[in-house]
Amino acid sequence: MTSPFDLSGKRALVTGANTGLGQGIAVALAAAGAEVIGVGRSAMDETRDKIEAAGGRFRALSADLSTLEPVERIVSQASEDGRVDILVNNAGIIRRADAIDFTEADWDAVMDVNLKTTFFLTQGFARRMLEDGKGGKVINIASLLSFQGGIRIPSYTASKSGLAGLTRLLACEWASRGINVNAIAPGYFVTNNTEALREDAARNEAILARIPAGHWGAPEELGGAAVFLASRAATYVHGVVLPVDGGWLAR
Ligand code: NAD
């Protein structure tokens with residue numbers, strides 16, 4: 001009997017796979033048997049080394065996701081030697097400033113990467129999935145700011161709240177056609193994205209005190225949720241935003 005979480009023979013594309021949560025997800029999907037394509041603007045050697053050292057397969061595609069310019073190329077190059085079965089929209093950025101001072105540039109930059117490119121990249125892969133009728137899995141990396149307000153991150157909160165809505169909309173449109181669209185909402189994880197928070201002693205302490213698990217998440221602690229949502233085990237799971245947050249939202 002094969003495990004319902006087995007991803008052998010599947011091809012997964014992960015955006016922003018060079019570091020942080022994207023790397024954790026890429027490594028976990030590869031460990032479950034998937035061939036992984038990483039898409040990003042930085043070298044992905046560390047991710048490749050981790051995957052290949054464990055006997056997995058990894059390919060890198062270079063692209064800057066701040067505009068829609070590379071979207072068609074990514075879809076066609078990623079599908080060159082076979083279909084993409086699993087799409088993980090992980091690449092994302094954050095800009096911090098008081099709402100009263102927030103600039104249009106910081107608004108647009110975050111919305112473009114976190115929401116606009118995510119939507120059109122998903123549309124590009126979904127067209128192929130719907131065309132060949134074999135379905136697929138889309139996993140969006142949302143945030144606790146898909147549920148909560150946060151402070152000093154207006155465009156980030158808007159983008160991640162928007163991403164939760166988009167996850168549900170796409171699930172409603174595509175569930176009957178074999179595509180599962182779901183999201184993961186990571187809590188507070190140790191990555192570049194949260195460096196400023198961890199360096200602020202007072203914020204760091206306040207955040208830690210609120211996490212029932214008592215520690216910041218490590219990227220490896222996120223991979224299992226992605227494997228589940230990418231696998232046969234999640235065939236009837238549609239439109240959820242799954243918190244992986246050490247209990248933060250339960251508090
Ligand atoms: P990170 O900054 O380490 O990684 C972000 C990734 O996105 C990097 O690989 C980066 O290269 C890529 N990226 C950003 N802009 C890009 C662009 N224009 N083109 C191509 N790639 C681009 O941070 P992370 O924490 O690993 O973030 C990954 C995702 O998880 C993001 O969507 C983030 O919002 C989300 N998230 C993180 C946390 C956390 O606690 N770290 C919590 C909730 C959600």
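Counting starts at 1 for both ligands and their atoms, following the listed order.
Atom 5 (C) of ligand 1 has as its closest protein heavy atom Gly92 O, 3.6 Å. Of all protein heavy atoms, the one closest to atom 8 (C) of ligand 1 is Asn18 OD1, 3.5 Å. Among protein heavy atoms, atom 19 (N) of ligand 1 sits closest to Leu65 N, 2.7 Å. In this structure, atom 43 (C) of ligand 1 lies nearest to the protein heavy atom Pro186 O, 3.4 Å. Among protein heavy atoms, the minimum distance from atom 37 (C) of ligand 1 is reached at Leu21 CD1, 3.5 Å. Closest protein heavy atom to atom 31 (C) of ligand 1: Asn90 O, 3.2 Å. In this structure, atom 25 (O) of ligand 1 lies nearest to the protein heavy atom Thr191 OG1, 2.5 Å. Ranking protein heavy atoms by distance to atom 13 (N) of ligand 1, first place goes to Ala91 CB, 3.9 Å.
A distance of 7.0 Å separates CD1 of Ile94 from OG of Ser143, quoted to the nearest 0.5 Å. Here the CG atom belonging to Asp245 is positioned 8.0 Å from the CZ atom belonging to Phe189, to the nearest 0.5 angstrom.
Annotation for Arg210: atom CZ counts as buried by contact number, over 12 foreign heavy atoms lying within 6.0 Å. A 6.0 Å sphere centred on CD of Glu72 holds no more than 12 heavy atoms belonging to other residues, nucleotides or ligands.
With Arg198, Arg41, Gln23 as candidates, the residue nearest to atom 22 (C) of ligand 1 on a non-hydrogen basis is Arg41. Of the options Ala109, Ser62, Ala63, Ser42, the smallest heavy-atom separation from atom 20 (C) of ligand 1 is shown by Ala63.
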Report task. Begin from the C-alpha positions of Trp248 and Ile207 and carry the test side-chain contact (heavy atoms from CB on, under 4.5 Å) through to its verdict. Result -> CA-CA 9 Å; Trp248 176 279; Ile207 287 167; 4.1 Å; yes
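Between Glu220 and Val27, the closest side-chain pair of non-hydrogen atoms is not below 4.5 Å. The shortest distance between side-chain heavy atoms of Pro186 and Glu221 does not fall below 4.5 Å. The side-chain heavy atoms of Val241 and Arg168, taken from C-beta on, include a pair separated by under 4.5 Å. Side-chain contact between Met44 and Arg48 is absent, with no heavy atoms from C-beta onward closer than 4.5 Å. Taking the side chain as every heavy atom from C-beta outward, Ile184 and Ile139 approach each other to under 4.5 Å. Counting heavy atoms from C-beta outward, Arg96 and Leu197 have side chains that approach closer than 4.5 Å.
Contact analysis leaves Pro219 out of contact with ligand 1, as no non-hydrogen atom separation drops below 4.0 angstrom. At a 4.0 Å cut-off, at least one heavy atom of Ala142 sits close enough to ligand 1 to count as contact. At least one heavy atom of Tyr156 sits less than 4.0 Å from an atom of ligand 1. By the 4.0 Å heavy-atom criterion, Gly187 is counted among the residues contacting ligand 1.
Inclusion of Phe189 in the set of residues having an N or O under 3.5 Å from an N or O of ligand 1 is warranted.
When all heavy atoms of Arg83 and Gly135 are compared, the pair lying nearest together is NH2-O, 2.7 Å.
For ligand 1 and Gly20, the ligand atoms under 4.0 Å from any heavy atom of the residue are 26 (O). Near Thr19, the atoms of ligand 1 lying under 4.0 angstrom from a non-hydrogen atom of the residue are 3 (O), 4 (O), 8 (C), 9 (O). Close approach of ligand 1 to Gly16 is summarised as follows: ligand atoms under 4.0 Å from at least one heavy atom of the residue are 9 (O), 12 (C). Against a heavy-atom cut-off of under 4.0 Å, Thr194 is close to the following atoms of ligand 1: 39 (C), 40 (O), 41 (N). If you number the atoms of ligand 1 from 1 as listed, the ones under 4.0 Å from a heavy atom of Tyr188 come out as 40 (O). Taking every heavy atom of Ile141 and a limit of under 4.0 angstrom, the matching atoms of ligand 1 come to 29 (C), 30 (O), 35 (C). Near Asn193, the atoms of ligand 1 lying under 4.0 angstrom from a non-hydrogen atom of the residue are 2 (O), 23 (O), 24 (P), 25 (O), 33 (C), 34 (O), 41 (N). Of all atoms in ligand 1, listed by their number and element, those nearer than 4.0 Å to a heavy atom of Ile93 are 14 (C), 15 (N).
The proximity of Asp64 to ligand 1, defined as any non-hydrogen pair under 4.0 Å, involves the side chain as well as the backbone.
For the side-chain contact (heavy atoms from CB on, under 4.5 Å) with Thr122, the lone residue among Asn89, Leu166, Val71 that qualifies is Asn89. When each of Asn140, Leu87, Leu229 is checked for a side-chain contact (heavy atoms from CB on, under 4.5 Å) with Val181, only Asn140 meets the rule.
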